[in-house]
Q: 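Following this message is one structure expressed as structure tokens.
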Amino acid sequence: MNWHFVLITFLLIVVVTETRHLIRLRSLRDMIVFYAVWGLTLLSIIGDMLELTELRPLDWISIMMQPLNRLIS
């Protein structure tokens, strides 16, 4: 079994369950952060499936943290 499909299935389950939870919280900031991190995670898995070397896991973490640091401070 390919681990990429297991991870994508897990991510789809997480987005469904967490979306319901985030709607109840009514926090736009939390939704933006969650979907940004979720989307980058999905992109990195798809990039790994396609054997693209441009987007490594530590790269997307640093890409995500730079704008978040500006929002927080």
Side-chain angles (χ1 to χ4, degrees):
M1 176 177 256
N2 195 343
W3 284 103
H4 295 112
F5 293 114
V6 173
L7 289 172
I8 290 174
T9 303
F10 177 73
L11 282 175
L12 290 174
I13 292 169
V14 166
V15 79
V16 169
T17 58
E18 288 302 313
T19 298
R20 291 186 293 181
H21 178 69
L22 288 170
I23 288 172
R24 278 188 244 134
L25 284 178
R26 293 186 179 141
S27 173
L28 182 61
R29 182 186 63 179
D30 291 345
M31 275 187 162
I32 291 170
V33 170
F34 172 74
Y35 286 123
V37 171
W38 183 86
L40 287 173
T41 306
L42 185 64
L43 285 176
S44 69
I45 292 172
I46 292 171
D48 191 47
M49 283 174 62
L50 298 174
E51 297 179 2
L52 299 176
T53 58
E54 291 86 18
L55 191 61
R56 296 174 297 197
L58 290 178
D59 290 341
W60 70 262
I61 291 171
S62 66
I63 290 169
M64 188 62 207
M65 291 309 294
Q66 290 172 357
L68 286 177
N69 286 335
R70 288 188 202 127
L71 284 174
I72 293 172
S73 49

Q: Once you round to the nearest 0.5 Å, how far does CD of E18 lie from OH of Y35?
A: 9.5 Å

Q: Answer yes or no: is there a side-chain heavy-atom contact under 4.5 Å between W38 and L12?
A: yes

Q: Quick one: pull up CG in L11 and CG in L42 and give me the separation to the nearest 0.5 Å.
A: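 Here the rounded value is 6.0 Å.
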
Q: Rounded to the nearest 0.5 Å, what's the gap from CD1 on I8 to CD1 on I13? Could you check?
A: 12.5 Å

Q: Mind checking the OG1-CG spacing from T17 to L22? Nearest 0.5 Å is all I need.
A: 9.5 Å

Q: Side chain of T19, backbone of V16: donor and acceptor closer than 3.5 Å?
A: no

Q: If you apply the rule side chain to side chain contact (heavy atoms under 4.5 Å, CB included), what do you find for I23 with M31, and how did you get there?
A: CA-CA 8 Å; I23 288 172; M31 275 187 162; 3.6 Å; yes

Q: Do L28 and V15 land in one hydrophobic cluster if side-chain heavy atoms of ILVMFWY residues count as linked below 4.5 Å?
A: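 As far as the 4.5 Å side-chain criterion goes, V15 and L28 are not connected within one cluster.
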
Q: Would I32 and F34 show up in the same hydrophobic cluster when neighbours are defined by side-chain heavy atoms closer than 4.5 Å?
A: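 In one cluster with I32: F34, no.
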
